[in-house]
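Inspection log for the structure reproduced underneath, given as structure tokens.
As the structure is a prediction and not an experimental result, all values here were calculated from the model.
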Amino acid sequence: MPDSSTFQPDAGPSERLHARSTIAETLSDAFEAADHYVHIWHGGDGPFTLRFYVKDDRQVLIPGTAAEPVSALKARLRGVVKRHGIVADVEGRSLGRVPELILVVPEPDAVLRIAELVIEGLPALLAARYRLRSALLTHHVHWSFKAEGQALAPYDLSVRCAWALCTALRGPTSAAAPDLSSDEGAQEVLAELTRQLTAIGIPIQARLSGCCPARGHDGPHDLTWDPLSHEDVERLIATLLARPPVDQHRHIPAPEAGDAA
């Protein structure tokens, strides 16, 4: 979570702006974890204004349906923020068949508390996806997943991120990285990552994508994966959390010629 000390009186304008942007990003990530979207306005040093729709299949902060009166939804949201000690004005309006709720929040720390409430209210599988994403990012692995039933369907993974995941799972090594821009290197990464995941009890099926890599991805191919069960997701999270973050990995130099192996 962002450090609220950046809002002390002696903090400069650039530090406050950066902190406010980070808080907005944190809240946006929380709504994204719920497969939802929030529009955030946080210009200047004024309050944060949050706008989000009430959707039957993507509930955040409050239970409710789009068919309910806006007044009832507003009252329910007021009750939630009051119960958790959050100071905020609650408004709402109906946009056709989709109600929109609006929170005007003066204090940055209160915005962070709202983000926590969104995460705390996630269903078990979406909460696991959020924790997996956080664990992957500590190792510089950017990998997204879509909830499908009781499993997470991975989006294609870049070869570079797949190699970073290999490194996270097996630890630092003196072995040279494969050529991530070649077909042979991509196959080597695929085989190594399959071995690492199998070793921790995840019998995942992976293959090279037949398409060109996604925009911004390196290499000739991305890696395509079958869905991960909830149990497999939890096993992968536990393994990643047991490994040191990427910035703490030490490079193990190869032995000099003549040294004992």
Side-chain angles (χ1 to χ4, degrees), residues 1-9 11 16-135 137 145 147 150 152 230 233-234 237 241:
M1 286 292 180
D3 184 358
S4 60
S5 65
T6 52
F7 294 97
Q8 298 304 319
R16 291 198 302 273
L17 178 60
H18 175 72
R20 291 170 68 85
S21 297
T22 303
I23 285 173
E25 183 179 349
T26 299
L27 182 66
S28 181
D29 285 347
F31 270 76
E32 183 180 342
D35 286 335
H36 215 306
Y37 172 77
V38 60
H39 180 271
I40 310 163
W41 172 255
H42 59 96
D45 288 326
F48 288 74
T49 300
L50 325 175
R51 299 173 179 266
F52 63 95
Y53 298 124
V54 176
K55 298 182 178 181
D56 295 346
D57 59 338
R58 301 176 188 178
Q59 297 180 357
V60 291
L61 295 175
I62 60 169
T65 68
E68 293 186 66
V70 174
S71 57
L73 298 171
K74 285 167 52 180
R76 203 169 298 147
L77 185 56
R78 284 195 186 100
V80 168
V81 297
K82 183 177 181 181
R83 184 164 63 251
H84 291 279
I86 297 170
V87 177
D89 291 331
V90 179
E91 300 297 337
R93 58 181 180 172
S94 180
L95 301 175
R97 296 183 179 181
V98 183
E100 182 185 47
L101 293 176
I102 304 165
L103 281 166
V104 181
V105 189
E107 296 299 327
D109 283 347
V111 179
L112 294 178
R113 181 61 184 130
I114 291 170
E116 290 174 352
L117 291 177
V118 173
I119 296 302
E120 290 168 8
L122 290 175
L125 184 63
L126 296 189
R129 180 179 66 176
Y130 180 79
R131 290 185 290 108
L132 176 58
R133 178 176 179 269
S134 298
L137 286 175
F145 304 82
Q150 295 304 309
L152 292 183
H230 194 166
V233 170
E234 294 291 354
I237 293 170
L241 293 179

Q. Between atom CG of L122 and atom NE2 of H36, what is the distance when rounded to the nearest 0.5 Å?
A. 12.0 Å
**Q.** Nearest heavy-atom neighbours spanning V38 and S28
**A.** CG1-CA, 4.1 Å
(Q) If you compare all heavy atoms of A128 against all heavy atoms of H230, which two are closest, and at what distance to 0.1 Å? (A) CB-NE2, 3.7 Å
(Q) Side chains of R51 and W41, heavy atoms from C-beta outward: is any pair under 4.5 Å? (A) no
(Q) As an exercise, state the distance from NZ of K74 to CD1 of I62, rounded to the nearest 0.5 Å. (A) 12.0 Å
Q | side-chain hydrogen bond (donor to acceptor under 3.5 Å, both in side chains) partners for R131, two or more places apart | A | E234
Q.
What's the separation between atom CD1 in I114 and atom CD1 in I119, rounded to the nearest 0.5 Å?
A. 13.0 Å
**Q.** Heavy-atom closest contact (Y130 atom, D29 atom, distance)
**A.** CE1-O, 4.4 Å
**Q.** Heavy-atom check, side chain of E107 versus side chain of R113, under 4.5 Å
**A.** no
Q. Below 4.5 Å, heavy atoms only, C-beta onward: do I237 and V233 meet side chain to side chain?
A. yes
**Q.** Spacing of L27 atom CG and L50 atom CG [to the nearest 0.5 Å]
**A.** 5.5 Å
Q. Is there a side-chain contact between R129 and D35, using heavy atoms and a 4.5 Å cut-off?
A. yes
Q | H84 atom NE2, neighbour heavy-atom count above 12 within 6.0 Å | A | yes
(Q) Just verifying a value: how many Å separate E91 CD and L103 CG, rounded to the nearest 0.5 Å? (A) 9.5 Å
Q.
To check you understand the geometry: which heavy-atom pair defines the closest contact between A24 and I40, and what is its length?
A. O-CD1, 3.2 Å
Q: Any ring-ring contact (aromatic ring centres under 6.0 Å, His included) involving residues 51-76? Give me the pairs, sequence neighbours left out, ordered by first then second residue.
A: F31-F52
Q) Is there a donor-acceptor pair under 3.5 Å between the side chain of T26 and the backbone N or O of T22? A) yes
**Q.** side-chain hydrogen bond (donor to acceptor under 3.5 Å, both in side chains) against R76, all qualifying residues, sequence neighbours excluded
**A.** E68
Q) With a 4.5 Å limit on heavy-atom distance, are the side chains of D45 and R16 in contact? A) yes
Q) CG of L61 to CG of L117: how many Å apart, nearest 0.5 Å? A) 6.5 Å
Q) If you look at every heavy atom in A147 and L152, which pair is closest and at what distance? A) CA-CD2, 3.9 Å
Q) Looking only at heavy atoms, what is the nearest atom pair of V70 and G92, with distance? A) CG1-C, 3.6 Å
